[in-house]
Amino acid sequence: MITIFDDRQLAHAPERELNNGAWTAYQESPDRARQIAKAFDVMAQPEDFGLDPIAVVHDRAYLGFLRSAYDEWRDAGREGDAIGYAFPIIRRRANSHIRIDAKIGAHSFDAATPITADTWESAYWSAQTALSGLQPVLKGEARSAFALCRPPGHHAGADYMGGYCYLNNAAIAAQAARARADRVAILDIDYHHGNGTQDIFYDRSDVFFASIHADPATDYPYYWGFAEETGAGAGEGVTLNLPLARGAEAVLYRKTLAKALSAISDWGAELLVVSFGADTFAGDPISSFALETSDYAAIGRQVAELAQPTLIVMEGGYAVGQLGAIVGEFLSGF
Ligand code: Q9C
Ligand code: ZN
């Protein structure tokens with residue numbers, strides 16, 4: 001399988017995150033990608049497709065914010081990574097903000113997504129990695145590709161970051177795929193609901209979003225991913241959420257995956273983007289499903305039964321020492 005990775009994705013390395021009321025070590029570490037990359041002999045480097053395919057998914061103002069936020073933070077006399085503390089949730093107004101703190105709050109929904117001097121560089125190449133994996137699949141030169149994206153993307157919306165995500169790599173690839181495929185499906189099998197991806201395509205009829213994730217009633221991102229969220233307007237019925245209770249193991253997981261895949265197939269998808277998270281693993285330090293490393297081969301095989309051109313994009317997964325094995329199992333099964 002074609003695999004894509006770029007070292008520039010490793011530069012982004014926040015010091016800490018605010019978790020359950022305390023500063024803890026940043027879970028989305030560069031080591032995650034390093035460990036996965038070790039499982040492959042050779043990985044291709046991404047091409048540079050520039051800003052345009054990113055800017056059709058993300059707002060220009062948000063992209064400008066991401067590029068300048070760290071400098072503005074420094075100019076404000078701050079130390080460490082840039083992080084927000086005030087979020088305009090009620091009657092948001094389209095103000096132009098002056099202070100960096102106001103800008104960060106207006107472009108994020110949590111405090112788990114700090115901006116460092118290198119965040120833009122890494123997020124940019126993470127998006128290019130997804131776009132580069134897509135190319136051979138889209139042109140019919142390969143049936144599938146694996147984009148080792150990092151930072152991950154599925155929590156990022158058109159104009160906001162969150163959940164370790166800045167640019168929505170899967171959404172950027174799915175949108176680019178629309179150049180040649182009329183119907184594109186995104187299957188999100190990260191432990192967490194892909195709220196950013198859902199939001200980007202919520203009212204569209206041309207990109208199907210299906211997600212299996214921990215019930216938002218008990219798990220991050222809390223506010224999105226309930227079964228009753230099914231899309232809006234022209235997109236009604238083109239979003240499918242399949243939340244599972246904590247503790248889900250392989251039998252239940254694969255039954256649920258069968259539902260997601262048959263919905264995607266019935267809808268008539270011509271190309272599939274998989275948001276793959278390894279945080280469904282039993283040993284994941286921040287998650288509570290019960291999949292074992294050996295389960296991922298069967299899951300990969302099941303996804304492949306859809307028999308559509310497929311781009312697999314890396315999302316979460318924090319059991320660093322196991323990530324290479326989990327991704328390896330999934331891809332070999334696929
Ligand atoms: N106490 C991804 O897997 N922290 N993002 C949750 C719960 C944020 C996960 C805190 C988790 C984000 C791509
Ligand atoms: Zn996750």
Side-chain angles (χ1 to χ4, degrees), residues 1 3-20 22-46 66 70 80-83 110-130 132-133 146-156 161-170 189-192 220 274-289 291-293 296 312-332:
M1 188 184 291
T3 60
I4 319 276
F5 179 63
D6 192 294
D7 276 348
R8 283 169 282 191
Q9 294 179 92
L10 300 173
H12 166 74
E15 263 167 58
R16 55 185 189 168
E17 64 181 269
L18 190 55
N19 184 37
N20 300 344
W23 289 111
T24 56
Y26 199 66
Q27 294 289 324
E28 203 286 285
S29 66
D31 250 0
R32 298 178 54 250
R34 253 186 228 114
Q35 288 296 328
I36 299 169
K38 269 210 264 178
F40 302 96
D41 296 333
V42 266
M43 302 189 83
Q45 271 196 264
L66 272 183
Y70 185 76
D81 305 335
I83 192 159
D110 73 6
T113 317
I115 296 179
T116 73
D118 301 308
T119 298
W120 173 259
E121 164 103 335
S122 292
Y124 179 86
W125 287 105
S126 191
Q128 299 302 336
T129 289
S132 299
F146 172 61
L148 177 39
C149 294
R150 184 271 162 187
H154 75 152
H155 295 300
M161 56 189 189
Y164 313 145
C165 303
Y166 305 86
L167 298 177
N168 195 314
N169 310 306
I189 50 173
D190 184 277
Y191 177 81
H192 305 93
Y220 182 95
V274 179
S275 270
F276 177 73
D279 42 10
T280 48
F281 172 54
D284 191 90
I286 68 166
S287 308
S288 307
F289 282 173
L291 300 183
E292 299 299 339
T293 305
Y296 286 91
I312 298 158
V313 170
M314 194 68 208
E315 299 285 358
Y318 308 96
V320 176
Q322 263 64 243
L323 291 180
I326 293 170
V327 171
E329 285 286 310
F330 179 79
L331 294 183
S332 66

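All values below come from the heavy atoms of this structure, side chains included, with hydrogens, waters and symmetry mates left out. Keep in mind it's a predicted model, so treat the numbers as computed, not measured. For this chain, numbers begin at 1 and follow the sequence in order.
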For I115, is there any backbone N or O sitting under 3.5 Å from a side-chain donor or acceptor partner on D81? no
Separation between CG (L291) and OG1 (T280), nearest 0.5 Å, reads 4.5 Å
CD/E28 to CD/E17 distance, rounded to the nearest 0.5 angstrom? 9.5 Å
Distance, nearest 0.5 Å, that separates CH2 of W125 from CG of N169: 13.0 Å
Is the closest side-chain donor-acceptor distance between T116 and T119 under 3.5 Å? yes
Chi angles and distances behind the side-chain contact (heavy atoms from CB on, under 4.5 Å) call for F276, M314: CA-CA 5 Å; F276 177 73; M314 194 68 208; 3.9 Å; yes
What one should report as the nearest heavy-atom pair of A130 and A147 is CA-CB, 3.8 Å
Could you go through W23 and L18, starting from their C-alpha distance and side-chain angles, then the distance that decides it, and tell me whether this counts as side-chain contact (heavy atoms from CB on, under 4.5 Å)? CA-CA 5 Å; W23 289 111; L18 190 55; 4.2 Å; yes
Please confirm whether the ring centroid of Y318 lies under 6.0 Å from the ring centroid of Y164. yes
To the nearest 0.5 angstrom, please state how far the CD atom of E121 sits from the CG atom of D6. 8.0 Å
Taking F281's backbone N and O only, do any of them form a donor-acceptor pair with Y296's side chain (distance below 3.5 Å, no angle check)? yes
Could you check whether F5 and F146 have their ring centres less than 6.0 Å apart? no
Looking at D284, is its backbone amide N or carbonyl O close enough to the side chain of D279 to form a donor-acceptor pair, meaning the two atoms are under 3.5 Å apart? no
Could you grab the distance from atom CD1 of I36 to atom CE of M43, nearest 0.5 Å is fine? 8.5 Å
Can you tell me if Y191 uses its side chain to pair, donor with acceptor, with the backbone of G277 under 3.5 Å? no
With no hydrogens and no angle check, is any side-chain donor or acceptor of R32 less than 3.5 Å from a backbone partner on L323? no
Chi angles and distances behind the side-chain contact (heavy atoms from CB on, under 4.5 Å) call for F40, V327: CA-CA 10 Å; F40 302 96; V327 171; 4.1 Å; yes
Evaluate the criterion side-chain hydrogen bond (donor to acceptor under 3.5 Å, both in side chains) for residue pair D110 and Y220; output intermediate values, then yes/no. CA-CA 10 Å; D110 73 6; Y220 182 95; 2.5 Å; yes
Within the side chain of D190, is there an N or O that forms a donor-acceptor pair under 3.5 Å with the backbone of G316? yes
Any side-chain donor near an acceptor of the partner, S275 and E315, under 3.5 Å: yes
Residue from R150, Q9, R8 passing side-chain hydrogen bond (donor to acceptor under 3.5 Å, both in side chains) with S126: Q9
Taking it one step at a time, do H192 and S287 satisfy side-chain contact (heavy atoms from CB on, under 4.5 Å)? CA-CA 8 Å; H192 305 93; S287 308; 4.0 Å; yes
Rounded to the nearest 0.5 Å, how far does CE of M161 lie from NE2 of H155? 14.0 Å
